[in-house]
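Everything on this sheet refers to the single structure shown next.
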Amino acid sequence: MNEQSMLFPSLPESRPVTPLSTAQDRAPRVLVAERNQIELRPMDLEATLSLDHPARSVWAFVERLDLSVLYGEIGSVEGRAGRAAIDPKILMALWLYATVDGVGSAREIERLTQVHDVYRWICGGVNVNHHTLSDFRCARVDLLDALLTHSVAVLVEQGLVTLERVAQDGMRVRASAGAASFRRRSTLERCLEEAQAQVESLKREIDADPHASNRRCRAARERAALERQERIAQALDQLAQVEEQKKKKPVAKKDNESEEQYAKRSEPRASSTDGEARRMKMADGGFRPAYNVQFTTTTDSQIIVGVDVNNIGSDLGQLSPMLDQVEQRYGKRPDEWLVDGGYARHDDIEDANGRGTLVYAPVQKPKDPSRDPYLARCDDSEAIAQWRQRMGGEQAKIIYKQRAATAECVNAIARGRGLMQFVVRGLSKVKAVALWYALAHNMMRAVALAQPA
């Protein structure tokens with residue numbers, strides 16, 4: 001059996017073909033594959049994309065954004081020496097399209113700009129490296145936040161979006177930190193001493209031989225050691241907050257658990273790689289390092305109007321801060337606010353009612369099954385009594401059905417676009433990634449809303 005028969009055993013054995021030519025001394029003339037040949041092909045990037053390709057909508061959206069702040073930070077100007085900077089529009093369009101495309105890695109975007117026609121079209125012949133992409137992604141959280149506000153305000157002015165009724169929902173997204181990176185105070189202090197000793201050793205090594213051929217490698221090692229030292233120091237700072245939370249809400253002791261086991265299990269810990277991450281209960285019931293991402297969405301158009309990220313593993317108490325954010329962004333409060341039962345804290349409902357916003361949230365079932373949950377209790381305030389009575393009506397049930405169709409739908413779309421785990425660390429960078437998802441989502445929704453029915 002020859003090699004071809006081993007690779008394709010179902011194919012029959014090939015037999016030699018008798019040439020039809022009568023000239024037995026002439027070999028057949030064929031075109032042989034030459035894969036080492038260098039080719040120069042003419043390329044028209046504009047012709048690689050159809051006129052209705054989504055990348056063109058992304059570029060049109062970016063061209064309407066006010067990026068004057070980014071242009072003002074560019075140091076290379078006409079008439080002076082220096083290498084020209086990459087156009088911020090290119091970096092903005094790359095990240096927006098990559099977010100819609102489900103690509104969250106700067107290295108992967110760099111690779112796609114070399115092999116994929118769509119990313120090459122966005123670059124337009126400009127070379128982009130992953131370091132520049134990574135820095136641009138998280139450098140200006142304030143600008144991303146302002147762009148979200150401005151883009152939604154434009155849609156409101158055009159009549160495509162109203163803020164009459166919104167829905168809020170949160171989702172826990174896996175952090176970049178590993179579960180084994182959570183250490184006790186004694187362990188973190190020992191790691192910090194080791195990191196400081198390593199930094200000092202590397203500095204002495206570089207000072208002793210500054211002109212060595214491998215000084216770049218040594219500088220990289222020093223930079224990595226400094227970053228590790230900063231992360232451990234941040235973990236120690238965050239550990240103080242965890243200790244305060246443990247004092248307010250101590251860990252319950254399990255049955256048949258010794259004092260030593262209980263003390264070891266309840267001792268506060270913080271991550272040595274991402275100090276601001278917290279262990280949270282995920283959708284599958286397990287506990288992992290994560291962040292809590294909050295989106296507020298309009299029910300009529302599924303436009304995200306509010307974004308927040310925290311390291312609290314519960315949605316309780318998240319309604320009032322988001323209401324403040326939406327009011328600060330657009331200068332008005334929504335008339336109706338839809339949330340699930342995890343947000344139904346009486347203080348938040350009273351606060352929203354005092355500002356003129358009606359909260360639609362399910363009423364908790366009473367322990368006494370004979371008690372009607374929609375009847376006011378003797379200790380209820382006027383706002384809570386109205387909330388109970390409101391949720392017992394048929395109109396409220398119809399309105400509340402819109403919550404899952406908007407807030408949970410937006411969360412599912414974000415999951416489908418890759419928001420399963422953050423590859424960045426720290427609340428500031430994590431919020432930047434969440435804002436990128438919000439901008440990309442609103443961009444695609446604006447395109448859909450602008451199209452005639």
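Values below: all heavy atoms of this structure, side chains included; hydrogens, waters and symmetry mates excluded.
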Would you mind checking if [Y] and [X] are paired as a salt bridge, meaning a charged N to carboxylate O distance below 4.0 Å?
{"X": "Arg56", "Y": "Asp52", "value": "no"}
{"X": "Arg137", "Y": "Asp135", "value": "no"}
{"X": "Asp324", "Y": "Arg333", "value": "no"}

Greater than 12 external heavy atoms within 6.0 Å of [X]'s [atom1]:
{"X": "Arg415", "atom1": "CZ", "answer": "yes"}
{"X": "Asp379", "atom1": "CG", "answer": "yes"}
{"X": "His131", "atom1": "NE2", "answer": "no"}

Residues Arg64, Val154; criterion side chain to side chain contact (heavy atoms under 4.5 Å, CB included); working and verdict: CA-CA 11 Å; Arg64 291 194 295 268; Val154 171; over 6 Å; no

field: Test applied, side chain to side chain contact (heavy atoms under 4.5 Å, CB included); reference residue, Val430; option that passes from Val423, Val141, Val309
entry: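 Among Val423, Val141, Val309, the one that satisfies the side chain to side chain contact (heavy atoms under 4.5 Å, CB included) with Val430 is Val309.
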
Flag the pair [X] / [Y] as yes when at least one side-chain heavy-atom distance between them is below 4.5 Å, and no otherwise.
{"X": "Leu163", "Y": "Thr298", "value": "yes"}
{"X": "Lys429", "Y": "Phe422", "value": "no"}
{"X": "Leu435", "Y": "Lys431", "value": "yes"}
{"X": "Asp348", "Y": "Ser320", "value": "yes"}
{"X": "Arg445", "Y": "Leu449", "value": "yes"}
{"X": "Ile304", "Y": "Thr296", "value": "no"}
{"X": "Val161", "Y": "Tyr330", "value": "no"}
{"X": "Ile312", "Y": "Gln318", "value": "yes"}

Looking at every heavy atom in both [X] and [Y], which two are closest together, and how far apart are they?
{"X": "Ala177", "Y": "Ser181", "result": "CB-OG, 3.8 Å"}
{"X": "Val58", "Y": "Met443", "result": "CG2-CE, 3.5 Å"}
{"X": "Leu160", "Y": "Ser301", "result": "O-CB, 3.9 Å"}
{"X": "Ala98", "Y": "Ile109", "result": "CB-CD1, 3.5 Å"}
{"X": "Gly125", "Y": "Leu45", "result": "N-CD1, 4.1 Å"}
{"X": "Leu144", "Y": "Ala432", "result": "CD1-O, 3.8 Å"}

Could you tell me whether a side-chain N or O of [X] sits under 3.5 Å from a main-chain N or O of [Y], the two making a donor and an acceptor?
{"X": "Gln328", "Y": "Leu323", "result": "no"}
{"X": "Thr299", "Y": "Arg165", "result": "yes"}
{"X": "Ser134", "Y": "His130", "result": "yes"}
{"X": "Asp169", "Y": "Ala407", "result": "no"}
{"X": "Asn353", "Y": "Ala383", "result": "no"}
{"X": "Asn311", "Y": "Glu276", "result": "yes"}
{"X": "Thr357", "Y": "Glu336", "result": "no"}
{"X": "Tyr360", "Y": "Ala167", "result": "no"}
{"X": "Arg417", "Y": "Ala412", "result": "no"}
{"X": "Gln421", "Y": "Ala175", "result": "yes"}

query: How long is the gap from NE2 on His441 to CG on Leu419, to the nearest 0.5 Å?
result: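 The distance works out to 12.5 Å.
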
- prompt: How long is the gap from CZ on Phe287 to CZ on Arg279, to the nearest 0.5 Å?
  reply: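 Here the rounded value is 10.0 Å.
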
message: Using the rule given for side chain to side chain contact (heavy atoms under 4.5 Å, CB included), can you reason through Tyr374 versus Val363, listing the C-alpha separation, both sets of side-chain angles and the distance that settles it, and then say yes or no?
response: CA-CA 7 Å; Tyr374 303 110; Val363 179; 4.1 Å; yes

query: Passes salt bridge (Lys or Arg N to Asp or Glu O under 4.0 Å), Glu108 versus Arg111? Steps please.
result: CA-CA 5 Å; Glu108 179 63 13; Arg111 187 189 70 83; 2.7 Å; yes

Steps toward side chain to side chain contact (heavy atoms under 4.5 Å, CB included) verdict (Asp101, Tyr119): CA-CA 11 Å; Asp101 200 26; Tyr119 291 86; 3.0 Å; yes

In terms of side-chain heavy atoms, does [X] have a donor or acceptor partner in [Y] at a distance below 3.5 Å?
{"X": "Gln294", "Y": "Gln168", "result": "yes"}
{"X": "Asp274", "Y": "Ser271", "result": "no"}
{"X": "Tyr437", "Y": "Asn442", "result": "no"}
{"X": "Thr297", "Y": "Gln302", "result": "no"}

Which side-chain N or O atoms in residues 86-97 pair as donor and acceptor under 3.5 Å with protein atoms at least two apart or in another chain?
{"unit_1": "Asp87", "atom_1": "OD1", "unit_2": "Tyr71", "atom_2": "OH", "d": "2.4"}
{"unit_1": "Asp87", "atom_1": "OD1", "unit_2": "Lys89", "atom_2": "N", "d": "3.1"}
{"unit_1": "Trp95", "atom_1": "NE1", "unit_2": "Leu133", "atom_2": "O", "d": "3.0"}

- prompt: side-chain hydrogen bond (donor to acceptor under 3.5 Å, both in side chains): which pairs involve residues 147-164, sequence neighbours left out?
  reply: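 Of all non-adjacent pairs touching residues 147-164, those that pass side-chain hydrogen bond (donor to acceptor under 3.5 Å, both in side chains) are Thr149-Arg329, Thr162-Asp300.
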
- request: Any side-chain hydrogen bond (donor to acceptor under 3.5 Å, both in side chains) involving residues 386-400? Give me the pairs, sequence neighbours left out, ordered by first then second residue.
  value: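 As it turns out, the side-chain hydrogen bond (donor to acceptor under 3.5 Å, both in side chains) pairs with a partner in residues 386-400, which skip direct neighbours, are Asp380-Arg388, Glu382-Gln386, Tyr400-Arg403.
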
query: How far apart are the C-alpha atoms of Trp121 and Glu46, what are their side-chain angles, what is the distance that settles it, and do they pass the side chain to side chain contact (heavy atoms under 4.5 Å, CB included) test?
result: CA-CA 7 Å; Trp121 180 88; Glu46 190 66 26; 3.3 Å; yes

query: Parallel, tilted or perpendicular: which fits the ring planes of Phe136 and Trp436, with parallel below 30° and perpendicular above 60°?
result: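 Answer is tilted, since the angle falls between 30° and 60°.
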
